[in-house]
Amino acid sequence: MAYNSDTFQSLISHAKEYGYIFQSSEIYDGLAAVYDYGQNGAQLKKNIRDAWWKSMTQLNDNIVGIDASIFMHPTTWKASGHVDSFSDPMIDNKDSKKRYRVDHLIEAFAENLSAEEGAALIHQMEQLLAADDLKGIKQLIDDNKIKCSVSGTANWTDVRQFNLMFSTELGSVADEASTIYLRPETAQGIFVNFLNVQKTGRMKIPFGIAQTGKAFRNEIVARQFIFRMREFEQMEMQYFIRPGSQKEWYDFWKAERLRWHKDVMGFPVGRLQFHDHVKLAHYADAAVDVEFHFPFGWKELEGIHSRTDYDLSRHQEFSKKKLQYFDTEINQNYVPYVIETSVGLDRLVLATLSNAYAEEKWQKEDGSEDSRVVLKIPANLAPTKLAVLPLTKKDGLPEIARDIVNNCKGSFQCFYEEKDSIGKRYRRMDAIGTPFAVTVDHQTKEDGTVTIRYRDSMQQERIAMQEVKAKIMDAILA
RNA sequence: GCGGAAGUAGCUCAACUGGUAGAGCGAUAGCCUUCCAAGCUAUAGGUUGCGGGUUCGAUUCUCGUCUUCCGCUCCA
């Protein structure tokens, strides 16, 4: 499969040129790892988000959607483990220029000590880490004469904190302001609302809560276009289940999400695969990624995690509120277990563009070569569904074309264009991925038929003007 | 974060060893009564990423900075 970096560069250029994705603040030289969606990108992204939302909340009568705030009480992130687990102190060796996580560095050193000494050192380190005593940790490294394995020296920088989370201040008066975080994941907004939704929606286990929204992470290395951004959008669904049934529901959602990527997103089977996690995060007892074959390799698109009762238990502990469910079937109270599906919306956009982008060449009838660049975005996701083109801008053809647009635009996105030759207009529509184009010609005035032209095959056929709307509706709902 | 490469019009690129920037495509307006780009005319668009230095003069040399890409590392 020829997914190379040249194609990826072309895709990035194409995305910019046709109003899909721009670099953020471009006129000021941009901001690293932040991107904006243009007129077509925003519509594509919205269509994907809507498709996900529908498949979760509309097609499952036991899944509801919420929209929690980006700002949350600071304790949320202590309970979730993000404050402690995702702010790793780092240290650089000045000679080798190598960077280490201090816990990894010290643990590696401890392995070479006697079991007793090693354990004592680890214990010391953990106490210092828990107390956020960065100077103390540096002292510990110095005292033990821990060396860099590359340079063999102990010429270290100070220990520095690298935070995953962005912080800001809540409160308009500086003195009284308190530090809060921009959420690094949307999931916690669901967990803290577990009881609210369960009670007010009279939800019975198993049930799910879905949410889409922005999340923010201070990535150390942010690369590969919109694949890893500092500000990104997640679509998450937390499925609350009876303890002990996690294996069954984990398998269920694993299969269901793969099916969705094939059927709704239209990704070919050959570009999707599962990747099981060997090393599990602190909250999970099983985890798998759905990976997509991007132009730069196999990368995570979606994560499916069996999160146990970790999150709800932790919030129960920190909030001192009972986050439990009374199961009438078995007559028991329990903290529900959770299966999480978490997909990156921006990654879905990138996957869609990667899969849709094609440079095609063929021989014309007279033997000369013809070519086009086309985005074969599935019709249900394409930003614009229909282009309406009068063959000429005279003889009343534009008026008829306008009528068709007016008839259709309440139901889906249309685009009217009368400039340039018909072939050029078809090419432009191919470039932004519009799946259908109808052309109004002189025959239209006589018998009320138009030509409909299909983007992927470039085939065309004549249909009655009145059938256009229904035909497009059929295609985008299929 | 480290190492390497790059940054000239919306896009792709050009400008001899430093002499104050051009083309094609695209865009806009019009012509051609045209069913698959690349027919004609006209117009617009760049303080050569940004800042400093060397020089009479910098797109060209140099330093810094920002951004992007590739590799490594890190992270999930």
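So that the names make sense, note that chain A is the first sequence line, chain B the second, and so on, each numbered from 1. What's counted below: heavy atoms across the whole structure, side chains too, no hydrogens, waters or symmetry copies.
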Say we look at [N] and [M]: how far apart would their [atom1] atoms be, to the nearest angstrom?
N: B/C11; M: B/G71; atom1: P; value: 24 Å
N: B/A76; M: B/C13; atom1: C1'; value: 40 Å
N: B/A9; M: B/G24; atom1: C1'; value: 12 Å
N: B/C50; M: B/A21; atom1: P; value: 15 Å
N: B/G49; M: B/U59; atom1: C1'; value: 12 Å
N: B/G51; M: B/C56; atom1: C1'; value: 23 Å
N: B/G22; M: B/U8; atom1: C1'; value: 11 Å
N: B/G46; M: B/A27; atom1: C1'; value: 16 Å

Listed nucleotide nearest any side-chain atom of [X], set [options]:
X: A/E17; options: B/G10, B/A37, B/U33; value: B/G10
X: A/R428; options: B/C35, B/G10, B/A27; value: B/A27
X: A/Q460; options: B/A37, B/U34, B/C36; value: B/C36
X: A/Q23; options: B/U33, B/C36, B/U68; value: B/U68
X: A/T451; options: B/C69, B/C35, B/G26; value: B/C35
X: A/R462; options: B/A37, B/A76, B/C35; value: B/C35
X: A/K419; options: B/C35, B/G30, B/A37; value: B/G30
X: A/I422; options: B/G10, B/A27, B/U34; value: B/U34
X: A/Y426; options: B/C35, B/A27, B/G10; value: B/C35
X: A/S421; options: B/A38, B/C36, B/U68; value: B/A38

Under 4.0 Å between any heavy atoms, over every strand shown, what does [X] touch: base, sugar-phosphate, or nothing? Just pick one.
X: A/K16; answer: sugar-phosphate
X: A/F22; answer: nothing
X: A/D430; answer: nothing
X: A/S13; answer: sugar-phosphate

Do the ring planes of A/F194 and A/F240 sit parallel (below 30°), tilted (30 to 60°) or perpendicular (above 60°)? tilted
Spacing of [X] atom [atom1] relative to [N] atom [atom2], expressed in whole Å:
X: A/F232; N: B/A76; atom1: CZ; atom2: P; value: 13 Å
X: A/F8; N: B/U68; atom1: CZ; atom2: C1'; value: 11 Å
X: A/I12; N: B/C70; atom1: CD1; atom2: C1'; value: 12 Å
X: A/D420; N: B/C32; atom1: CG; atom2: P; value: 15 Å
X: A/Q9; N: B/A5; atom1: CD; atom2: P; value: 18 Å

Calculate, to the nearest 0.5 Å, the distance between atoms CG and CG belonging to A/L350 and A/L11 respectively. 6.5 Å
Pairing check on [N]: which nucleotide meets the Watson-Crick or G-U wobble criteria with it, both distances under 3.5 Å?
N: B/C69; value: B/G4
N: B/C36; value: none
N: B/C13; value: B/G22

When only distance counts, do a donor and an acceptor, one from the side chain of A/R453 and one from the base of B/C36, lie under 3.5 Å apart? yes
Please determine if A/R347 forms a cation-pi arrangement with A/F292, meaning its NZ or CZ atom is less than 6.0 Å from the six-membered ring centre and no more than 45° off the ring axis. no
Short N-O contact, A/E399 and A/R402, less than 4.0 angstrom: no
Does a donor on one side chain and an acceptor on the other come within less than 3.5 Å for A/D285 and A/Y310? no
Residue pair A/R257 / A/T341, side-chain donor-acceptor N/O under 3.5 Å: no
Taking the nucleotide of RNA chain B with the closest heavy atom to each, which residue, A/S457 or A/H442, is nearer the 5' end? A/H442
Let me know, please, whether A/K393 or A/Q459 comes out on the 5' side of the other along RNA chain B by nearest nucleotide. A/K393
OP1 or OP2 of B/U34 versus the side-chain N and O atoms of A/K394: is any pair under 4.0 Å? no
Determine whether A/H261 and A/V290 satisfy the following criterion, side chain to side chain contact (heavy atoms under 4.5 Å, CB included), listing intermediate values before the conclusion. CA-CA 9 Å; A/H261 287 290; A/V290 177; 3.9 Å; yes
